[in-house]
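Reviewing the structure listed below.
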Amino acid sequence: MPSTYEKIYSIVKKIPYGHVATYGQIAKLAGIPRHARQVGYALSTLNNDETPWHRVINAKGEISGRSNPDFVHLQRMLLEEEGIIFGNDSRIPLEKYCWKPEKS
DNA sequence: GGTCTGACTAGGT
DNA sequence: AACCTAGCCAGAC
């Protein structure tokens, strides 16, 4: 059976182009609503290029720092590439871009 | 096998 | 409205 991380990756890969999802939402979709932190941590250990980790943001609609400002900047760039517009506070309007998963 | 860590969240101050 | 605290749980050492 897949580990928690496997589930997380699976959900993240399902995020459609031009949309974003919060850690909590992904955790919930993965069947682990209390594991928002694990979601982020899972992505941190992520070493593959197939998982759109840049489409994952925190509940505030902002990019979660980590310890590397360069990564944050990169993520913002990638999201803008997908057509997502950031607010003046480097924030994303979740109401507009939040991924709405269709029932599976 | 106990302890520490961590890309979070919600609630209180 | 911004900052602080506690709760949460699966990996890594």
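Everything numeric here is computed off the predicted structure, so don't read it as measured data. Here is the naming used below: chain letters follow the sequence lines, and residue numbers restart at 1 for every chain.
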Would you give me the side-chain donor-acceptor pairs under 3.5 Å for residues 8-19 of chain A, sequence neighbours excluded?
from, atom 1, to, atom 2, distance (Å)
A/Tyr9, OH, A/Ala42, O, 3.2
A/Lys13, NZ, A/Glu50, OE1, 3.4
A/Tyr17, OH, A/Glu81, O, 3.0

Show the nearest heavy-atom pair for residues A/Ala21 and A/Trp99, with the distance to one decimal. CB-CE3, 4.0 Å
Validation: residues 27-39 of chain A side-chain donor-acceptor distances under 3.5 Å, sequence neighbours left out:
none

Restricting to pairs with a member in residues 82-94 of chain A, which pass side chain to side chain donor-acceptor pair (under 3.5 Å), not counting sequence neighbours? A/His54-A/Glu82, A/Arg55-A/Glu82, A/Arg76-A/Ser90
Can you tell me how far the CG atom of A/Leu43 sits from the CD atom of A/Gln75, to the nearest 0.5 Å? 9.0 Å
Can you tell me the distance, in whole Å, between the NE2 atom of A/His73 and the C1' atom of B/dA7? 18 Å
A/Ser64 and A/Tyr23, any side-chain heavy atoms less than 4.5 Å apart: yes
Can you tell me the distance, in whole Å, between the CD1 atom of A/Ile11 and the P atom of B/dA7? 22 Å
Rounded to whole angstroms, how far apart are CG on A/Leu94 and P on B/dT9? 10 Å
By a strict heavy-atom criterion of less than 4.0 Å, which residues belonging to residues 81-89 of chain A are in contact with DNA chain B? none
In whole angstroms, the gap separating C1' of B/dA10 from OH of A/Tyr23 amounts to 17 Å
Protein-proximity profile, nucleotides 7-13 of chain C, B/S/- by nucleotide at the 4.0 Å heavy-atom cutoff, equals BBBBS--
Side-chain heavy atoms under 4.5 Å apart, restricted to Ile/Leu/Val/Met/Phe/Trp/Tyr: what other residues fall into the cluster of A/Ile92, or is it alone? A/Val20, A/Ile57, A/Ile63, A/Val72, A/Leu79, A/Ile84, A/Ile85, A/Phe86, A/Leu94, A/Tyr97
Is it the case that the side chain of A/Ser3 and the backbone of A/Glu6 share a donor-acceptor pair, with hydrogens and angles ignored and the cut-off at 3.5 Å? no
Provide, to the nearest angstrom, the distance between the CD1 atom belonging to A/Ile92 and the C1' atom belonging to B/dA7. 13 Å
